[in-house]
Amino acid sequence: MVQLNVLLADSQQQASTNEASSMLNSMFNKENIDNFKIGLEQVMQLLEQTIATQQKPFSGILPQELAKKFIGIDLNQPLFDIPDALEEVAQLYLKDAVYFNNPRYLAHLNCPIVYQSILAELLATSINTAVETWDQSGGATFIEQSIVDWTLSKLALGEQADGVFTSGGTQSNLMAMLLARDFQCQLYAGHTNKQQGLPHDFRRLKIFTSKVSHFSIQKAAAILGLGYDAVVSVPCDEYFRMDMTALNQAIEDCQQQGDIVMAIVATAGTTDFGSIDPLTQIAEIAKRCGAWLHVDAAYGGGLLITPNNKHKLAGIECADSVTIDYHKSFFQPVSCSAFFVKDKQHLSVVTYHAEYLNPLSQQQAGTPDLCNKSIQTTRRFDALKLWFSLRTVGAQNLGVAFEQVMHLARQGYLLLASEADIEIIHQPQLSTLVFRFVGDSGATDSELDAVNKYIRKQLSRQGEALIAATKVADKQYLKFTLLNCATTINDIQQVVRLIKQYGYQYLASDLANEHAPLSLALEEVSYG
């Protein structure tokens, strides 16, 4: 029995040794460079074939149809072979992926990316650099700081400004509201939230932002313990910018009730309309009432590098904090975003000295550890993508590309405005267009809501184009978001033709036939 047990133990040890050996053969190191190159060539062949044959932005598949492909896949049973795994990825992912580089992808704030940034992504991922501390990142620390400093020079926030890369606009806006909350609690009550938690009267803190600002402000208020009710939604003017008269009145009402104006959030490029709030006027109001001024320029930040449109961000230099998403108007891969603050001392709110990671002695010695100013610990080296793009493509060319899609939006506006059966409700400040099909039948608003929902779903189901949707004054609208330099006015004309085709198709087959039921799949599936 003892001998049998020894044999079993030896067998198990050998199996474990074989598995460890197999893992070593998969690790990225100098011994496996040749195998990596072979795998890379196979990936490139698949990408080349996919891009060459991809004709539509989307396959049109429904969620329940795609879900069936995943039935029976056992992740505990490896394929081992790279070509087999790539074939599986091609079937489960690439075949039904959404292709932002297609000229008729006009839906959300997803951009095609400069290929040079992919090369940088490959480098950063291969080395697996984590940029939270100097001893994990070395030169990557200075590359990120250089990108931060370069952006700060464009923002003109001053010599005490600083910033840090984040996962995206939502995290950046959360950081802004966190710093604003703690600053105001210290200012009004001498209360240190970091140590003591929220003061008993924290419900007095109010955040003011426009009705069309990003939902992440409400989300941040909830996460920070303030709640949705802390956010005061200020009405907009006819251009979907925050209305200054309404803002002043809302602040006056707040102060009369004994509440505190914690922060004013101005948006430089709203998600739906690309509208830019009057930053200079808002800055004056914020200064007068002692509010923290945050500018959410996640979308409009690309104006900083445009040759002819920097002036649209006039007043941003007065902000206490700013959000910028490079993965929108700088044409970078997701994620590539950053948060900036006028006074770097405020970033101490997120600093915690852990002896194993960033001991106080390192800070006193001047060792640059980026985790001292981030709410994340482990962070990817996302700055390399933009660094490499700036060094190979150039900031001016990236800015020109953004201006190109802005010009396309103006062309698209004129086209839509010339269509009698289309109603467009704003002129573009950046590169979005909000409109709806109205036809020529005198349909009611509820009927128009139904037809515009149908149009979007039908476009997606056929895969010919992807567009977005939104609601304005409780009415259903369609939306073009233009971030692709390859898109032309001809592409927009063709999509408009399809919109009208499906719109009249619905009116003829549904409204004219006493609302005959549409395909259940088209009615029940939502496409983002």
Side-chain angles (χ1 to χ4, degrees), residues 109 144-181 183 207-210 213-214 216-217 220 241-242 262-271 274-287 291-306 309-330 332 335-347 349-350 373-375 382-383 386 395 399 402 429-430:
L109 282 165
E144 176 170 323
Q145 190 62 51
S146 295
I147 293 292
V148 166
D149 293 343
W150 172 78
T151 308
L152 287 170
S153 71
K154 304 291 184 185
L155 290 168
L157 290 183
E159 294 183 359
Q160 294 302 308
D162 200 0
V164 67
F165 268 62
T166 67
S167 63
T170 294
Q171 183 185 322
S172 295
N173 288 344
L174 173 62
M175 285 190 71
M177 295 302 97
L178 170 63
L179 269 57
R181 184 199 67 180
F183 169 72
I207 303 166
F208 295 78
T209 190
S210 86
S213 65
H214 197 262
S216 58
I217 302 304
R241 303 174 304 183
M242 194 190 303
M262 180 187 109
I264 302 175
V265 179
T267 309
T270 59
T271 303
S275 47
I276 300 172
D277 290 335
L279 303 181
T280 301
Q281 292 174 263
I282 293 175
E284 293 171 355
I285 295 171
K287 184 177 180 180
W292 181 283
L293 174 60
H294 176 62
V295 177
D296 179 1
Y299 177 14
L303 293 170
L304 292 170
I305 56 172
T306 57
N309 285 277
K310 297 184 186 74
H311 64 278
K312 291 187 176 183
L313 292 180
I316 199 169
E317 68 279 1
C318 301
D320 293 294
S321 57
V322 177
T323 288
I324 290 181
D325 279 357
Y326 303 113
H327 57 236
K328 290 185 172 72
S329 48
F330 287 73
Q332 298 300 299
S335 63
C336 195
S337 181
F339 170 70
F340 305 92
V341 63
K342 182 181 285 291
D343 185 349
K344 59 188 174 186
Q345 292 184 10
H346 291 298
L347 290 168
V349 167
V350 298
K373 52 184 178 177
S374 174
I375 63 175
D382 289 319
L386 183 55
F402 191 35
Q429 282 189 277
L430 292 178

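For the single chain, residues carry numbers from 1 onward in sequence order. All values reported here derive from a predicted model rather than from experimental measurement.
- Of the possible polar contacts, one joining the Ser210 side chain to the Ser213 backbone as a donor-acceptor pair under 3.5 Å is found.
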Worked verdict on His327 versus Leu109 for side-chain contact (heavy atoms from CB on, under 4.5 Å): CA-CA 9 Å; His327 57 236; Leu109 282 165; over 6 Å; no

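- Side-chain contact between Phe165 and Cys336 is present, with at least one heavy-atom pair separated by less than 4.5 Å.
- Proximity of a side-chain donor or acceptor of Asp277 to a complementary backbone N or O of Met242 within less than 3.5 Å is detected.
- Of all the heavy atoms in Thr280 and Ala314, the pair that sits closest is OG1-O, 3.4 Å.
- Residues Phe340 and Val148 have side chains in contact (heavy-atom distance under 4.5 Å, counting atoms from C-beta outward).
- The minimum heavy-atom distance linking Thr166 with Ser172 is given by the pair OG1-OG, 2.8 Å.
- Taking both residues in full, the closest heavy atoms of Leu430 and Gly300 are given as CD1-CA, 3.8 Å, listed atom of the first, atom of the second, then distance.
- Between the side chain of Gln332 and the backbone N or O of Phe330, at least one donor-acceptor pair lies under 3.5 Å.
- Taking the side chain as every heavy atom from C-beta outward, Ile217 and Ile207 approach each other to under 4.5 Å.
- With Lys342 contributing its side chain and Glu317 its backbone, the two residues share a donor-acceptor pair below 3.5 Å.
- Between Gly302 and Phe402, the shortest heavy-atom distance links the atoms C-CD2, 3.7 Å.
- Between the Asp296 side chain and the Ala298 main chain, a donor and an acceptor come within less than 3.5 Å of each other.
- Summarising the geometry, atom OG belonging to Ser329 is positioned 7.5 Å from atom CD1 belonging to Ile305; distances are rounded to the nearest 0.5 Å.
- Considering only heavy atoms from C-beta on, Lys344 stays 4.5 Å or farther from Lys373 through its side chain.
- Interatomic distance, Met175 CE to His346 NE2, rounded to the nearest 0.5 Å: 12.5 Å.
- Looking at His294, its side chain never comes within 3.5 Å of a backbone N or O of Ala176 through a donor-acceptor pair.
- Within the 4.5 Å cutoff, the side chain of Phe339 has heavy atoms near those of the Ser321 side chain.
- Note: Ile285 CD1 to Lys287 NZ = 13.5 Å, rounded to the nearest 0.5 Å.
- With sequence neighbours excluded, no residue satisfies side-chain hydrogen bond (donor to acceptor under 3.5 Å, both in side chains) with Asp320.
- For the atom pair Leu347 CG and Leu179 CG, the distance stands at 6.0 Å (nearest 0.5 Å).
- Remark: side-chain polar atoms of Thr267 are not paired, donor with acceptor, to backbone N or O of Gly269 under 3.5 angstrom.
- Residues Thr270 and Ser275 have side chains that bring a donor and an acceptor to within less than 3.5 angstrom of each other.
- Of all heavy-atom pairs between Pro278 and Arg241, the closest is CD-CB, 4.1 Å.
- Distance check, rounded to the nearest 0.5 Å: OG1 of Thr323 to CG of Asp325 gives 7.5 Å.
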I'd like a table of donor-acceptor pairs (distance under 3.5 Å, sequence neighbours excluded) in which one partner is a side-chain atom from residues 149-157, with atom names and distances.
{"from": "Asp149", "atom 1": "OD1", "to": "Gln145", "atom 2": "NE2", "distance (Å)": "3.0"}
{"from": "Thr151", "atom 1": "OG1", "to": "Ile147", "atom 2": "O", "distance (Å)": "2.9"}
{"from": "Thr151", "atom 1": "OG1", "to": "Tyr326", "atom 2": "OH", "distance (Å)": "2.6"}
{"from": "Ser153", "atom 1": "OG", "to": "Trp150", "atom 2": "O", "distance (Å)": "2.5"}

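- Rounded to the nearest 0.5 Å, atoms CG (Leu293) and CG (Leu279) are 8.0 Å apart.
- In plain terms, the two heavy atoms of Ala263 and Met177 that are nearest each other are CB-CE, 4.2 Å.
- For Ser216 (side chain) and Asn173 (main-chain N/O), no donor-acceptor pair under 3.5 Å exists by modelled atom type.
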Thr209 vs Ile264, side-chain contact (heavy atoms from CB on, under 4.5 Å): CA-CA, chis, key distance, verdict: CA-CA 6 Å; Thr209 190; Ile264 302 175; over 6 Å; no

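- Judged by distance alone, with hydrogens and angles left aside, the side-chain atoms of Thr306 form a donor-acceptor pair with the main-chain N or O of Leu303 at under 3.5 Å.
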